[in-house]
Amino acid sequence: MTEVVRVRFAPSPTGALHVGGARTAIYNWALARRTGGTFILRIDDTDAERSTAENTAQILRSLEWLGLDWDEGPEVGGPFGPYFQTERADHYRSALDRMKANGSAYPCFCSATELEAKREAARSGDGSAGYDRTCRHLPADTVAARIAAGEPHVWRLSVPEDRGDILVDDAVRGETTFPASAMDDFVLVRSDGTPTYNFATVVDDADMEITHVIRGDDHLSNTPRQILVFEALGHAVPRFAHLSMIWGADGKKLSKRHGATSVEAFHEEGILPEALLNYLALLGWSLDGDTTIISADTLKTSFSLDRISKNPAIFDPEKLEWMNGMYIREMPPGVLIERMVPWLESAGLATADDVAARHDWFVSLVPLISERLKRMTEIAPTVGFLLTDRFEPDPAAVAKGLTGAEAYRSVSAAHAALEVLEVWETETVETALRALPEALGIKPKIVLQAVRVAVTGSTVSPPLFESVALLGRDIALARLDAASRGTGE
RNA sequence: GGCGCGUUCGUCUAGCGGUUAGGACACCGCCCUCUCAAGGCGGAGAUCACGGGUUCGAAUCCCGUACGCGCUACCA
């Protein structure tokens, strides 16, 4: 049986796309891509209070940034639209009509205070189902009269009396059964006519012919209820896969306290989309237990539901950062240069035109810095001394490496040695500077650190000789001269 | 309270009856070295939550306990 896979990611636009949602999206997308199926994006915007168009737009941007393209949904449309729940009222209405017709839904006139009391009673009693089904067996004419009179009412699911325990066959958890007795006649449609979550998602999943529901763990307990709705609708039940939660380092729900949690925030903090994708994919799924660097292409060919782990995972920013560094290091120079541009621009160090104009210069810069970067935000600080027109040595660095008689002698000797170079490139610079310590009778580390601080303004920098070469004769000499006189440039 | 899920190095995980319990991040040491990194080599780190079973043999199968989490809403 070769069934066409149709999966969906259904975020609620009540906030930005956070890492938990992103991982859910990744798994859905990966399964669709690996199986040649369809990845659907649906916006669960039924919470009118908190849903905003801005959030929706941001979620779409985050998904795109991660490289998760959807086949049906906002902006691309598709044959099963609309893809915003708020635009699907007629679908919920007709689904309810079908359920009214087959007797699987009934109106309930109980007031909020009555329900509260019933809940109390149920909970202090044997703990079984919540609602006591008061309105389930109301005479038909009574019901008709009360509705005609405009009495407020909700519509509830009529859980079949003869329904046995409900089996959820979950791709990650295996088979779990829920006693039918624990299922109450929950609300499908509110008194204002809007559908509840458990109703709307099932109607949508059924209408959109979703075959696999991959979502957060928090929905596992809702699944038997949803299965009941699928059955009432006479629709086949999709396959489920419930993902464990992602926690913060303290084992608590991930929140701002733990640093960045939204995809957008990681972007702003210099994390690469391929690194986030890789890290998140591996947080709860494994290719083989040994491989840690996994590309989107690998995901597309090798992702499978049966290698998703059951246990909750703690989000580890350090590993993400390490991974990000890996991706930066392995990136071809030309590509890294392109990716650097926005960061250079926002730091005011260079424009795209500058980079294009000195392309070769930037290409030779890449190997000097790429193995020193963990985040794109570190680019500006590490190359700033090469590009800035307002060179300001770090006072602490000066105090440490450019203070005292030996340091000053080193710097002026360096100036003298470099000044006479006929060819200004890494090799000649290196030869000239390496000869200094012996000539001056000063330890190499002292000499070179003094030159480093003078030229880069810091005790920590890319390789010195290369840096001096890239900086160019005029600027390098000017900085050495300034340093030897203890003034600014 | 009821129902459900989860529990392997600090962290992410491999493992699916017989392994010296493997890998990765982080950590420590050494090498490399002009700083910082990167890289190489090595190390420490897991009584597989606990207690009972089943079995010749259990991290792996069964039962229970503890702890954590979720659902139990006219939230999603």
Side-chain angles (χ1 to χ4, degrees), chain A residues 10-12 14 44-47 49-51 108 110 112 115-116 119 122-130 152-156 168 170 172-173 176-179 181-184 186-198 200-201 216-225 242 244-245 247 249 251-253 279 282-293 307 309-323 325-326 329 369-374 382 397 401 430 433-434 437 444-449 451-453 456 458-465 467:
Chain A
S12 187
T14 53
D44 269 15
D45 56 352
T46 50
D47 187 340
E49 300 277 302
R50 298 184 296 151
S51 296
C108 170
C110 294
L115 292 172
E116 188 61 37
R119 234 186 332 266
R123 198 162 298 205
S124 55
D126 64 353
S128 59
H153 60 281
V154 300
W155 287 87
R156 310 188 88 108
V168 177
D170 192 280
V172 350
R173 268 145 232 288
T176 83
T177 60
F178 294 79
S181 59
M183 296 299 116
D184 67 341
F186 66 91
V187 173
L188 301 169
V189 175
R190 303 184 185 103
S191 48
D192 66 359
T194 59
T196 59
Y197 167 76
N198 279 319
T201 44
D217 203 24
D218 46 342
H219 294 296
L220 181 59
S221 297
N222 280 321
T223 304
R225 283 173 247 283
H242 286 95
S244 292
M245 308 277 83
W247 290 344
K252 301 224 173 73
K253 201 166 197 166
Y279 179 73
L282 228 43
L283 201 63
W285 176 81
S286 61
L287 179 62
D288 54 20
D290 285 331
T291 314
T292 52
I293 298 300
R307 289 194 66 88
S309 65
K310 307 182 212 296
N311 23 347
I314 289 174
F315 191 90
D316 180 6
E318 286 195 349
K319 190 162 182 176
L320 203 214
E321 200 170 55
W322 164 80
M323 205 171 260
M326 284 291 282
R329 267 172 265 138
I369 63 168
S370 64
E371 67 197 26
R372 269 159 261 266
L373 299 174
K374 289 206 295 271
T382 96
E430 175 163 7
L433 292 179
R434 282 212 189 271
K445 299 219 178 210
I446 307 256
V447 175
L448 294 172
Q449 267 310 74
V451 173
R452 183 190 311 284
V453 173
T456 72
S458 169
T459 56
V460 173
S461 80
L464 185 58
F465 312 124
S467 294

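Letters A, B, ... are given to chains in the order of the sequence lines, protein chains preceding strands, and every chain is numbered from 1.
Atom name P, nucleotides C67(B) and C41(B): the rounded distance is 46 Å, in whole Å. Rounded to the nearest Å, the gap between the C1' atom of U7(B) and that of A49(B) is 6 Å. The separation of A58(B) from U19(B), taken at their C1' atoms, amounts to 13 Å, rounded to a whole angstrom. U72(B) sits 30 Å from A14(B) when the P atoms are compared, rounded to a whole Å. Going from the C1' atom of G70(B) to that of G43(B) covers 41 Å, rounded to whole Å. Using P as the reference atom, A59(B) and G18(B) are 10 Å apart when rounded to the nearest Å. Straight-line distance between the P atoms of G64(B) and C3(B): roughly 12 Å, to the nearest whole Å. Taking atom P on both U8(B) and G68(B), the two are 16 Å apart, rounded to the nearest angstrom.
Contact annotation for Pro444(A): no contact, since no heavy-atom pair falls under 4.0 Å across all strands. Thr201(A) comes within contact range of no nucleotide atom at all, as no heavy-atom separation falls under 4.0 Å. The residue Thr459(A) sits close to a base: some heavy atom pair falls under 4.0 Å. The residue Thr14(A) sits apart from the nucleic acid: no heavy atom pair falls under 4.0 Å. Across all strands, Phe465(A) comes closer than 4.0 Å to base atoms (heavy-atom distances). The residue Pro462(A) sits close to a base: some heavy atom pair falls under 4.0 Å. Across all strands, Val154(A) comes closer than 4.0 Å to base atoms (heavy-atom distances). Here Leu464(A) lies in heavy-atom contact (under 4.0 Å) with a base. Counting any heavy atom pair closer than 4.0 Å across all strands shown, Ser461(A) reaches a base atom. Using a 4.0 Å heavy-atom cutoff across all strands shown, Trp285(A) reaches no nucleic acid atom at all. Residue contacts for Gly284(A): at a heavy-atom cut-off of 4.0 Å it reaches the sugar-phosphate backbone alone, with no base atom in range. Asn222(A) comes within 4.0 angstrom of a base, heavy atoms only. In this structure, Arg434(A) reaches the bases: a heavy-atom distance under 4.0 Å links it to at least one base atom across the strands shown.
The CG atom of Asn222(A) sits 8.0 Å away from the CZ atom of Phe186(A) when rounded to the nearest 0.5 Å. Between Lys374(A) atom NZ and Leu320(A) atom CG the span is 12.5 Å, to the nearest 0.5 Å. Asp218(A) CG to Met245(A) CE: the interatomic distance, rounded to the nearest 0.5 Å, is 4.5 Å.
With sequence neighbours excluded, the residues forming a side-chain hydrogen bond (donor to acceptor under 3.5 Å, both in side chains) with Thr223(A) are Arg215(A), His242(A), listed by chain and number. In this structure Ile446(A) satisfies the side chain to side chain contact (heavy atoms under 4.5 Å, CB included) test together with Glu406(A), Ile442(A), Lys443(A), sequence neighbours excluded. With sequence neighbours excluded, no residue satisfies side-chain hydrogen bond (donor to acceptor under 3.5 Å, both in side chains) with Arg156(A). In this structure, Arg329(A) has no side-chain hydrogen bond (donor to acceptor under 3.5 Å, both in side chains) partners at least two apart in sequence or on a different chain.
Mapping Pro312(A) and Thr46(A) onto RNA chain B by nearest heavy atom places Pro312(A) at the nucleotide closer to the 5' end. Along RNA chain B, the nucleotide closest to Pro152(A) and the one closest to Leu448(A) are compared, and the more 5′ of them pairs with Leu448(A).
Shown here for Ser51(A) and Asp45(A), the closest heavy-atom pair between the two residues is OG-CA, 3.6 Å. Pairing each heavy atom of Tyr279(A) with each of Ile314(A), the nearest pair is OH-O, 4.1 Å. Here the shortest heavy-atom pairing between Met326(A) and Ile293(A) reads CE-CG1, 4.0 Å. Nearest heavy atoms, Asp44(A) versus Thr201(A): OD2-CG2, 3.9 Å.
One cannot find a donor-acceptor pair under 3.5 Å joining the base of C5(B) and the side-chain atoms of Arg173(A). Judged by distance alone with a 3.5 Å cut-off, no donor-acceptor contact links the side chain of Ser244(A) to the base of G6(B).
A 4.5 Å side-chain heavy-atom check between Thr46(A) and Thr194(A) finds every atom pair outside the cut-off. Contact check for Asp217(A) versus Arg173(A): side-chain heavy atoms found under the 4.5 Å cut-off.
Between the P atom of G70(B) and the NE2 atom of His242(A) lies a distance of 15 Å, rounded to the nearest Å. Per the geometry, CD1 belonging to Ile293(A) stands 14 Å off P belonging to A38(B), to the nearest Å. To the nearest angstrom, C1' of C12(B) lies 9 Å from CE of Met323(A). Taking atom CD of Glu371(A) as the reference point, atom P of G40(B) lies 12 Å away to the nearest angstrom. A straight line from NZ of Lys310(A) to C1' of U13(B) spans 14 Å, rounded to a whole angstrom. The separation between Arg156(A) atom CZ and U72(B) atom P is 13 Å, rounded to whole Å. Rounded to whole angstrom, the span from the CZ atom of Arg225(A) across to the P atom of G70(B) amounts to 15 Å. Atom C1' of nucleotide C71(B) and atom NE2 of His219(A) are separated by 11 Å, given to the nearest angstrom.
Minimum atom distance to the side chain of Asp44(A) is reached by A76(B), of the listed A76(B), U11(B), C34(B). For Ala313(A), taking side-chain heavy atoms from C-beta onward, the closest of the listed nucleotides U13(B), G6(B), C3(B) is U13(B). The side chain of Pro463(A) lies closest to U35(B) when the candidates are C12(B), U35(B), G6(B).
Shown here, U65(B) forms a base pair with A49(B); the pair counts as Watson-Crick or G-U wobble because both key distances fall under 3.5 Å. With a 3.5 Å ceiling on both atom-pair distances, the Watson-Crick or G-U wobble partner of G70(B) is C3(B). In this structure, A26(B) makes no Watson-Crick or G-U wobble pair, since no nucleotide meets both defining distances under 3.5 angstrom.
Between U8(B) and Asn311(A), a contact under 4.0 Å exists linking OP1 or OP2 to a side-chain N or O. Within the structure, every side-chain polar atom (N or O) of Arg372(A) is placed at least 4.0 Å from both OP1 and OP2 of U35(B). Of the side-chain N and O atoms in Ser221(A), none sit less than 4.0 angstrom from OP1 or OP2 of U72(B). For the OP1/OP2 pair of A14(B) and a distance below 4.0 Å, the side-chain nitrogens and oxygens of Ser286(A) include at least one atom meeting the criterion.
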If a protein heavy atom is under 4.0 Å from the base, mark B; if only from the sugar-phosphate, S; if neither, -; do that for nucleotides 21-26 of chain B going 5' to 3'. -BBBSS
In the 5'-to-3' direction, what one-character label does each nucleotide of nucleotides 42-49 of chain B receive under the scheme B = base within less than 4.0 Å of a protein heavy atom, S = sugar-phosphate only, - = no such atom? --------
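In this structure, the side chain of Thr196(A) engages the main chain of Val187(A) through a donor-acceptor pair within 3.5 Å.
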